[in-house]
Amino acid sequence: PYRQRLALSVACSIVYSVFSGVSIYLIIPLLETLFSGSAAIGGVTPASPSFAPGWFVQLKASVSQAFQGLVFTGDLHESLLRICVVIVIAFLIKNLFGYLQSNLMTHIEQGLVRDLRNDLYRHIHQLPLAYFSNERTGNLISRIMNDVNVVNSGISATFYTLIKEPLLVIVYLVIALVLSWKLTLISFIVFPLVLMVIALVGRRVHSESGLAQERIADVTSVLHETISGVKVVKAFGMEEFENRKFSGANNFYFRTILKINKIRNISSPTTEFLSAVAGGIVIWYGGLLVLDQGEMKASEFLGFLFAIFQ
């Protein structure tokens with residue numbers, strides 16, 4: 001029932017990714033106009049060898065020429081105004097389709113959660129009585145109310161991991177390769193080290209999150225048993241016993257949450273530091289291409305950095 005909305009969401013993601021790249025690439029002619037006082041758009045300088053096929057080079061040259069004829073006519077002030085308007089329009093289209101994609105995915109996610117909860121509730125009525133005697137009520141409630149939310153997060157993460165993020169990576173990678181295949185190669189050598197650290201931290205957080213769901217299920221079960229059997233608890237004077245039982249389950253959950261947050265808190269500064277090291281290496285080599293070898297313009301180098309750090 002959600003295939004049509006999913007297809008529309010994928011289409012919106014494609015348009016969003018394309019205009020994300022366009023909005024980044026348009027910064028190059030803007031910088032060129034401001035810094036050198038000339039209006040030009042293009043890829044790498046002629047001195048830089050290209051591995052792209054002939055049809056791609058010809059298409060790029062045709063698009064470049066059409067763009068220059070449309071925007072860069074008249075004096076520099078008019079050209080500057082036009083390029084700024086084009087950049088604003090590109091960002092507007094990008095964010096509009098991003099908004100549409102988010103709304104479509106929200107409808108899909110919440111609809112699946114609603115359907116899953118309905119199916120689980122119907123399934124409970126079909127279970128034999130023996131099942132309920134061996135299963136705690138709090139666990140069942142936690143499965144329907146809490147664990148389903150984890151499925152919701154998984155749906156969103158899967159869409160971003162399998163569809164939206166790869167599209168953005170492809171668009172930015174194409175821009176980076178067009179501007180400088182040497183810098184792109186250096187980036188592929190350096191940045192995977194950062195990605196490995198991020199992946200390890202993500203796996204650790206994911207495993208600990210599953211343990212946190214089990215702990216909150218224990219807390220819910222103890223709370224339900226206490227409230228539903230409050231007459232028995234008071235009749236036998238078991239208040240202190242139930243207090244210790246609930247406090248123990250709550251402390252287990254407390255320690256699990258602290259452990260998860262410690263991992264998350266250390267991941268941010270570690271990732272930022274490693275990213276700074278990798279970025280410093282890329283900027284150093286790119287600066288050599290601009291200053292010494294003359295294979296890139298300063299505006300192209302800045303455009304490359306905007307693309308690669310996305």
Side-chain angles (χ1 to χ4, degrees), residues 13-36 38-68 71-72 83 86-87 90-91 94 161-199 271 274-310:
S13 296
I14 294 175
V15 177
Y16 174 85
S17 301
V18 170
F19 276 90
S20 295
V22 170
S23 61
I24 294 297
Y25 197 72
L26 286 174
I27 294 177
I28 297 175
L30 174 63
L31 296 176
E32 191 72 19
T33 303
L34 293 175
F35 293 158
S36 65
S38 63
I41 182 171
V44 294
T45 58
S48 178
S50 176
F51 61 88
W55 65 267
F56 181 81
V57 176
Q58 186 176 1
L59 176 64
K60 178 174 172 291
S62 300
V63 173
S64 241
Q65 186 176 2
F67 185 84
Q68 290 183 30
V71 177
F72 299 116
I83 188 62
V86 171
I87 291 176
F91 273 96
K94 164 192 167 183
T161 303
L162 298 180
I163 298 178
K164 190 170 184 178
E165 290 181 357
L167 288 173
L168 288 171
V169 169
I170 292 173
V171 170
Y172 292 133
L173 179 60
V174 169
I175 294 176
L177 288 172
V178 168
L179 293 175
S180 174
W181 65 270
K182 291 182 179 180
L183 264 181
T184 305
L185 181 61
I186 293 295
S187 301
F188 270 113
I189 296 175
V190 174
F191 282 105
L193 299 176
V194 180
L195 296 178
M196 288 176 60
V197 175
I198 296 175
T271 302
L274 293 177
S275 299
V277 173
I281 295 174
V282 172
I283 293 174
W284 170 77
Y285 185 75
L288 293 180
L289 294 179
V290 174
L291 297 177
D292 297 338
Q293 303 179 27
E295 293 189 12
M296 293 184 72
K297 299 176 182 177
S299 58
E300 292 172 347
F301 177 52
L302 291 175
F304 177 88
L305 292 180
F306 281 126
I308 205 67
F309 281 107
Q310 291 297 318

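Just so you know, these numbers come straight off a predicted model, no measurement behind them.
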Taking all non-hydrogen atoms of both residues into account, name the closest pair between I283 and F301 and its distance. O-CZ, 3.6 Å
Is the NZ or CZ atom of K164 both under 6.0 Å from the centre of the six-membered ring of Y16 and within 45° of that ring's axis? yes
In the structure I gave you, are the side-chain heavy atoms of Y25 and V171 within less than 4.5 Å of one another anywhere? no
To the nearest 0.5 Å, tell me how far I308 CD1 sits from I24 CD1. 11.5 Å
Distance (rounded to the nearest 0.5 Å) between L185 CG and K182 NZ: 10.5 Å
Please evaluate residues I163 and L167 with respect to the criterion side-chain contact (heavy atoms from CB on, under 4.5 Å), reporting the C-alpha separation (whole Å), side-chain torsions for both, the decisive distance (0.1 Å), and the verdict. CA-CA 6 Å; I163 298 178; L167 288 173; 4.1 Å; yes
Value for CG (L177) from CZ (F188), rounded to nearest 0.5 Å, stands at 7.0 Å
So which atom in S187 and which in F304 form the shortest heavy-atom distance, rounded to 0.1 Å? OG-CZ, 3.9 Å
Listed by chain and number, what are the side chain to side chain contact (heavy atoms under 4.5 Å, CB included) partners of A90, not counting sequence neighbours? F19, V22, S23, L26
Shortest non-hydrogen separation from I281 to V190 and the atoms involved: CG2-CG2, 4.0 Å
My understanding is that only residues two or more places apart in sequence, or in another chain, count here; which of them pass side-chain hydrogen bond (donor to acceptor under 3.5 Å, both in side chains) with K94? none
Give the minimum heavy-atom separation between S180 and L289, together with the two atoms involved. OG-CD1, 3.8 Å
